[in-house]
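Remarks on the structure that follows.
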Amino acid sequence: MEPRSASRSSPLSRGRVLPRRFYQRDARVVAPDLLNKVLISGSILARIVEVEAYCGSSDPASHAYRGKTRRNATMFGPPGHLYVYFTYGMHWCANVVCMPAGVASAVLLRGAEPLEGLEEMWERRPRARRENDLCSGPAKLAQALGLTGADDGIGLLGRSGRMCIVDDGLPPPSMPGNGVRIGIREGSDLMWRWWVPGSRHVSKR
DNA sequence: ACCGGGATGTTCT
DNA sequence: GAACATCCCGGTG
């Protein structure tokens, strides 16, 4: 009734924040586990439907492959933080940092289903024509959420920060889609991309 | 639907 | 200089 619907419409009541130990694992394990989790950014809620894993020193496609630099420093930091980078001269993309500090492992957020705060997303993505144009791609997702370099390194643990990721009870798919990563040259044979089968908010179907 | 190319600037060779 | 974890638009079928 009234109280129930009121509490359900509150972003912060939607689920339990993922704890540090969730992120303290290899990106190839965290990535499929992030499917169907809910990303909260300010008043925006979006369900993660597509991810890719990037694994530091063993992965030629990872920004961290050739060691720590100014740009990728956040990847080498503690887990449960956001690594945001600039690419193609105009786009920002967001990763979730995994593994303990010192090990560069991260999950690229590639696609999400908008749940709340759609007005805000439409404003930030004026060229989007359909709802599935809002977050169906890493740079689209970052733009819809208003993420830029200013957000590099922000924490996802606890409810006090601007962003977090919560589990609202919907488990990851028992058989997620799985294939090679998109838009890379090196390491293009590795099947480190996962998605929610059938979702219209996946970048490529 | 599918495909080709331009935009735009930081990072690394 | 080249590459780049991309997106958008305008062509064609």
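Residue numbers begin at 1 in each chain, while the letters A, B, ... track the order of the sequences.
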If you draw the axis of the six-membered ring of A/Tyr23, does the NZ or CZ of A/Arg25 fall within 45° of it and under 6.0 Å from the ring centre? no
Is the NZ or CZ atom of A/Arg125 both under 6.0 Å from the centre of the six-membered ring of A/Trp122 and within 45° of that ring's axis? no
Examine A/Leu18 and A/Leu82 and state if one hydrophobic cluster contains both, with Ile, Leu, Val, Met, Phe, Trp and Tyr joined whenever side-chain heavy atoms are less than 4.5 Å apart. yes
Taking A/Leu118 as the starting point, is it possible to reach A/Leu109 by hopping between hydrophobic residues whose side chains are less than 4.5 Å apart? yes
Integer-rounded Å distance: [N] [atom2] and [X] [atom1]:
| X | N | atom1 | atom2 | result |
| --- | --- | --- | --- | --- |
| A/Asn132 | C/dC7 | CG | C1' | 15 Å |
| A/Tyr54 | C/dC4 | OH | C1' | 12 Å |
| A/Leu141 | C/dC7 | CG | C1' | 14 Å |
| A/Leu134 | C/dC8 | CG | C1' | 15 Å |
| A/Arg129 | C/dG10 | CZ | C1' | 13 Å |
| A/Arg181 | C/dT6 | CZ | P | 11 Å |
| A/Glu50 | C/dT6 | CD | C1' | 13 Å |

Applying salt bridge (charged side-chain N to carboxylate O under 4.0 Å, His left out) between A/Glu50 and each of A/Arg205, A/Arg110, A/Arg181, report the one that passes. A/Arg110
Identify, with sequence neighbours excluded, every residue that meets salt bridge (Lys or Arg N to Asp or Glu O under 4.0 Å) alongside A/Asp152. none
Around atom CZ of A/Arg200, are there more than 12 heavy atoms from other residues, nucleotides or ligands closer than 6.0 Å? no
Out of curiosity, [X] [atom1] to [Y] [atom2], how far, rounded to the nearest 0.5 Å?
| X | Y | atom1 | atom2 | result |
| --- | --- | --- | --- | --- |
| A/Ser58 | A/Tyr65 | OG | OH | 8.5 Å |
| A/Ile165 | A/Leu156 | CD1 | CG | 5.0 Å |
| A/Cys55 | A/Leu190 | SG | CG | 9.0 Å |

Contact under 4.0 Å: A/Arg125 side-chain N or O vs C/dC8 OP1/OP2: yes
How far apart are the C-alpha atoms of A/Lys37 and A/Phe22, what are their side-chain angles, what is the distance that settles it, and do they pass the side chain to side chain contact (heavy atoms under 4.5 Å, CB included) test? CA-CA 12 Å; A/Lys37 298 292 187 289; A/Phe22 180 93; 4.2 Å; yes
Consecutive-pair stems (at least three Watson-Crick or G-U pairs, under 3.5 Å) that include DNA chain C: B:1-7 with C:6-12, B:9-12 with C:1-4
Each residue besides A/Met191 in its hydrophobic cluster should be listed here, by chain and number; the cluster joins Ile, Leu, Val, Met, Phe, Trp and Tyr at side-chain heavy-atom distances under 4.5 Å. A/Val180
Quantified in whole Å, what is the P atom distance between nucleotide C/dA2 and nucleotide B/dG6? 16 Å
Contact check, residues 188-200 of chain A vs DNA chain C, heavy-atom distance under 4.0 Å, returns none
In numerical order, the residues of residues 97-115 of chain A whose heavy atoms come under 4.0 Å of DNA chain C are A/Leu108, A/Arg110
Base, sugar-phosphate, or nothing: which does A/Ala139 touch, judged by heavy atoms less than 4.0 Å apart? sugar-phosphate
Test A/Tyr85 against A/His63 for ring pair (Phe, Tyr, Trp, His ring centres under 6.0 Å), laying out the working first. CA-CA 10 Å; A/Tyr85 69 89; A/His63 290 166; 4.5 Å; yes
Look at the side chain of A/Arg127 and decide which nucleotide, out of C/dT6, C/dC4, C/dC9, has an atom nearest to it. C/dC9
Ignoring hydrogens and angles, tell me if any N or O in the side chain of A/Asp167 forms a donor-acceptor pair with the backbone of A/Gly169 under 3.5 Å. yes
Heavy-atom contacts, protein to nucleotides 3-13 of chain B, under 4.0 Å, summarised as B (base), S (sugar-phosphate only) or - (none) per nt, yield ----BBBS-SS
